[in-house]
Amino acid sequence: MSKKWDINIVRNIGISAHIDSGKTTLSERILFYGGKIHAIHEVKGKDGVGATMDSMDLEREKGITIQSAATQVQWKDHVINLIDTPGHVDFTVEVERSLRVLDGAILVLCGVAGVQSQSITVDRQMKRYSVPRLAFVNKLDRQGANPIRVKDALVDKLKLNAVMAQLPIGLEDGHKGAVDLVTMKAFVNEGASGETVTEIPIPEDMKEQAAEYRQILIGKLADIDDTIGEKFLMEETPTEAEIKAAIRKGVITLKLVPVFCGSAFKNKGVQLLLDAVLAYLPTPAEKKEHALDLSKGEEKFELFPDNDKPLVMLAFKLQETQFGQLTYMRVYQGKVSKGDFIINMTNKKSVKVPRLVRMHSDKMEDIDASYAGDIVAVFGIDCASGDTFCDDRVQASMQSMHVPDAVISLAVSPKSKDGANNFTKALQKFRKEDPTFRVHRDEESNETIISGMGELHLEIYVERMKREFACEVNVGAPQVAYRETINMEADYDYTHKKQTGGSGQFAKIAGAIRPLPAQEDGSVFKFSNKVVGGRIPKEFIPAVEEGFREQCVKGPLIGFPIVGVEVDLEDGSYHDVDSSYMAFKIAAMAAMREVYPKAKPVVLEPIMKLETTVPEEYQGPATGQINQRRGVITGTTSFEGSVVIEAEVPLTEMFGYSTDLRSGTKGKGEFTMEFAKYSQAPRNIQDDLAKKYQAKRLAEQK
């Protein structure tokens with residue numbers, strides 16, 4: 001960038017889509033037309049098993065296979081940073097982080113299937129981070145493509161204010177180009193790779209339809225923009241510039257989603273989509289960003305993409321290369337230069353920036369500085385993804401570290417002694433990349449346990465150990481993360497007394513435990529001190545809370561954490577000499593053990609939200625399989641010969657589901673699953689778990 005850094009010509013965008021809507025193909029075209037690659041490479045076997053497998057593999061390798069995480073493309077003297085967003089729900093954290101650094105996005109939809117289950121998930125995540133988006137209806141060369149129906153699905157299913165900004169010229173085999181409803185011009189792509197965009201007159205048979213849809217567009221804009229609203233009432237035609245300004249305003253304020261048409265595979269409509277990215281998606285300065293001030297108890301403050309302000313940047317993706325760890329950073333405020341000292345806010349360590357690079361597809365360009373609003377890659381900094389870096393003028397964090405609890409665990413060990421070193425390396429790397437992937441040693445069985453968001457999540461990491469670290473792994477039976485809780489209030493009154501030589505131990509506490517309703521902040525334990533008149537000295541109160549908390553780490557019923565408990569401490573007494581912090585802590589732990597059985601303890605199991613998509617003829621068997629697994633079906637929708645079955649199913653029952661689904665639907669069924677909630681396990685399952693736990697305890701005591 002020889003010329004001065006100008007934030008207004010920058011767009012940080014991502015492409016999100018349901019698996020196999022043509023995300024990869026579209027990214028390839030954008031890189032090709034942006035001059036980044038000189039030949040287009042196809043996703044092989046477009047209509048066979050290849051594409052789905054390929055896109056699954058890409059999702060598996062989390063999109064790293066095609067390009068690095070952020071590639072920069074020049075388009076019409078603007079800079080577009082294209083950020084890869086993984087499609088799979090198990091990588092929720094990856095998707096959320098990528099969305100976090102986007103200023104805008106393109107939601108890609110298949111012209112035939114329209115809004116699919118994964119499109120709904122992606123949309124929900126975009127809404128959570130308020131990401132403005134354009135919709136691109138792809139694959140219009142396919143049999144049965146209908147962009148108007150897809151636009152209606154965006155309105156009905158995703159509740160988006162979607163409106164056609166283009167109409168396709170021809171569909172299926174006859175798909176040639178698009179009519180732009182803003183400029184009322186028609187464009188077709190010509191040339192071997194569609195690199196020439198030619199303006200043509202609007203086809204005669206489309207003039208009436210184009211005029212009608214332009215009127216619908218202006219009507220929608222009249223609700224968003226006053227200038228257009230006035231002209232609409234006066235029945236005057238707004239100018240092209242006014243329409244563009246109104247669409248931009250509608251997109252940035254999340255009140256409008258313009259719909260564009262094309263077929264990336266047939267090189268149609270991609271350049272017009274890039275023009276729309278420049279015209280309608282926000283610059284980094286137009287999207288409001290906040291950070292949390294750590295020096296003021298995580299108080300929110302607004303970030304400004306100003307190069308002179310204190311530096312705030314977020315590491316959102318890690319990648320191993322032959323030169324060491326490459327960390328992708330988004331600079332939100334301030335600037336960073338080679339040789340600067342920056343502070344990692346997670347561990348408060350100061351590090352020097354040894355090398356800054358900009359990624360150009362497979363090439364890297366060394367740069368001296370990176371400014372607010374830009375995306376840059378840094379070598380030689382040891383950090384985890386999601387870490388915030390600042391200079392010494394500010395202490396900020398870009399995200400309060402809410403990471404969902406793991407729902408499933410596996411015991412893993414390297415198959416051979418030689419693999420032990422690589423095994424440890426792999427686990428350390430994965431933990432840094434993905435905070436939802438956890439590793440711990442089980443003290444009792446002396447095994448290494450990995451935990452994560454689902455069966456597939458852990459399967460992929462086991463597969464990556466094999467591929468990237470040449471380490472074959474033995475995998476134990478999956479272990480579901482159960483929880484214990486109580487169902488009624490119960491009183492406790494406990495005295496801890498121990499008389500030995502010298503000073504003894506004395507503590508008496510009384511109060512009640514009761515079920516704690518779900519809390520907004522997700523907390524699962526609440527302690528209230530209701531002691532009056534100094535019956536227990538103030539310095540011993542935290543000991544009581546600590547004792548109860550510690551006892552909740554491992555419940556006596558099945559050995560899993562106890563959640564949803566509120567403890568009141570109402571009364572007690574102490575001894576001037578014999579009472580101590582430790583005595584009160586021990587009293588609380590013993591009181592919890594004693595009162596717990598009286599409070600009707602129950603086991604909670606994780607319930608997953610399952611979406612299964614099968615061809616219509618397999619709806620019966622697929623529903624049967626879900627019912628057999630104690631699933632509760634919450635809804636079914638059908639489109640184009642397929643049925644989407646939505647259900648809530650206990651995770652315990654989901655092992656081996658993918659194999660059963662494949663064999664029950666001749667390989668045509670697919671599913672996605674994410675954690676929904678915890679709910680009470682049936683009595684027989686609770687009794688089984690309790691019996692196994694007691695037997696295990698007895699065996700250990702022997």
Side-chain angles (χ1 to χ4, degrees), residues 15 17-30 33 40 42-52 54-55 106-116 119 134-157 162-181 185-210 212-213 258-273 276 613 615-616 638-642 668:
I15 297 178
H18 183 87
I19 290 167
D20 203 22
S21 312
K23 193 170 88 170
T24 312
T25 314
L26 180 61
S27 307
E28 274 281 313
R29 298 303 184 273
I30 290 177
Y33 298 132
I40 291 175
E42 289 317 338
V43 181
K44 293 283 185 290
K46 210 47 210 164
D47 298 323
V49 189
T52 326
D54 178 50
S55 102
I106 300 171
L107 179 61
V108 183
L109 301 141
C110 168
V112 183
V115 174
Q116 293 162 277
S119 329
L134 311 176
F136 181 67
V137 183
N138 192 19
K139 301 196 173 185
L140 293 186
D141 56 307
R142 280 184 53 190
Q143 200 95 40
N146 180 344
I148 308 286
R149 188 183 61 224
V150 178
K151 186 267 295 175
D152 294 340
L154 287 171
V155 177
D156 300 339
K157 288 190 181 174
V163 61
M164 301 305 284
Q166 289 178 343
L167 289 176
I169 301 174
L171 286 172
E172 300 177 1
D173 297 348
H175 178 55
K176 291 194 195 58
V179 174
D180 181 345
L181 299 174
K185 290 176 178 167
F187 297 95
V188 292
N189 287 75
E190 294 172 339
S193 306
E195 60 277 16
T196 317
V197 181
T198 312
E199 187 189 324
I200 59 164
I202 295 179
E204 279 302 321
D205 58 348
M206 283 188 71
K207 282 188 171 159
E208 202 174 306
Q209 187 195 17
E212 178 196 337
Y213 274 92
V259 179
F260 298 86
C261 306
S263 159
F265 182 56
K266 292 280 199 276
N267 310 317
K268 305 273 186 269
V270 180
Q271 293 96 325
L272 298 177
L273 179 66
T613 309
E616 266 167 10
S638 46
F639 69 90
E640 292 287 311
S642 292
K668 291 178 185 161

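Remember, it's a predicted structure, so these values are computed and weren't measured experimentally.
- In this structure the side chain of Tyr33 reaches within 4.5 angstrom of the side chain of Asn267, judged on heavy atoms.
- Here the closest heavy-atom approach between residue Ala264 and residue Val270 is recorded as CA-CG2, 4.2 Å.
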What side-chain donor-acceptor pairs closer than 3.5 Å can you find for residues 198-209, not counting sequence neighbours?
unit_1 : atom_1 : unit_2 : atom_2 : d
Thr198 : OG1    : Glu190 : OE1    : 2.8
Glu204 : OE2    : Lys207 : NZ     : 2.9

(request) Start with the C-alpha gap between Val137 and Asn146, add the side-chain angles, then the distance that decides, and say whether side chain to side chain contact (heavy atoms under 4.5 Å, CB included) holds. (result) CA-CA 9 Å; Val137 183; Asn146 180 344; over 6 Å; no
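- For Gly111 against Lys139, the heavy-atom pair with the smallest separation is N-CB, 4.2 Å.
- With a 4.5 Å cut-off on side-chain heavy atoms, Leu272 and Phe260 do not count as touching.
- Closest non-hydrogen pair, Ala210 versus Leu167, comes out as CA-CD1, 3.8 Å.
- The two residues Ile169 and Ala186 have their closest heavy-atom pair at CD1-CB, 3.9 Å.
- Residue pairs meeting the salt bridge (Lys or Arg N to Asp or Glu O under 4.0 Å) criterion with at least one partner in residues 260-273, sequence neighbours excluded, are Asp141-Lys266.
- What you find for Ala135 and Leu154 is that their closest heavy atoms are CB-CD1, 3.9 Å.
- Taking CZ from Arg29 and CG from Leu273, the interatomic distance works out to 13.0 Å, rounded to the nearest 0.5 Å.
- Using a 4.5 Å heavy-atom threshold, the side chains of Pro147 and Gln166 count as separate.
- The closest side-chain heavy-atom distance from Val259 to Val150 is not below 4.5 Å.
- Rounding to the nearest 0.5 Å places CZ of Phe136 at 12.0 Å from CG of Leu107.
- In this structure, the side chains of Gln143 and Val112 stay at 4.5 Å or more apart for every pair of heavy atoms.
- Interatomic distance, OG1 of Thr196 versus CD of Gln271, reported as 8.5 Å (0.5 Å rounding).
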List the atom pairs, donor and acceptor, that lie under 3.5 Å between side-chain atoms in residues 170-181 and the rest of the protein, sequence neighbours left out.
unit_1 : atom_1 : unit_2 : atom_2 : d
Glu172 : OE2    : Gly144 : N      : 2.7
His175 : ND1    : Gly170 : O      : 3.0
Asp180 : OD1    : Val182 : N      : 2.8
Asp180 : OD2    : Thr183 : OG1    : 3.4

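- Put simply, the side chain of Asn138 reaches to within 4.5 Å of the side chain of Val108, judged on heavy atoms.
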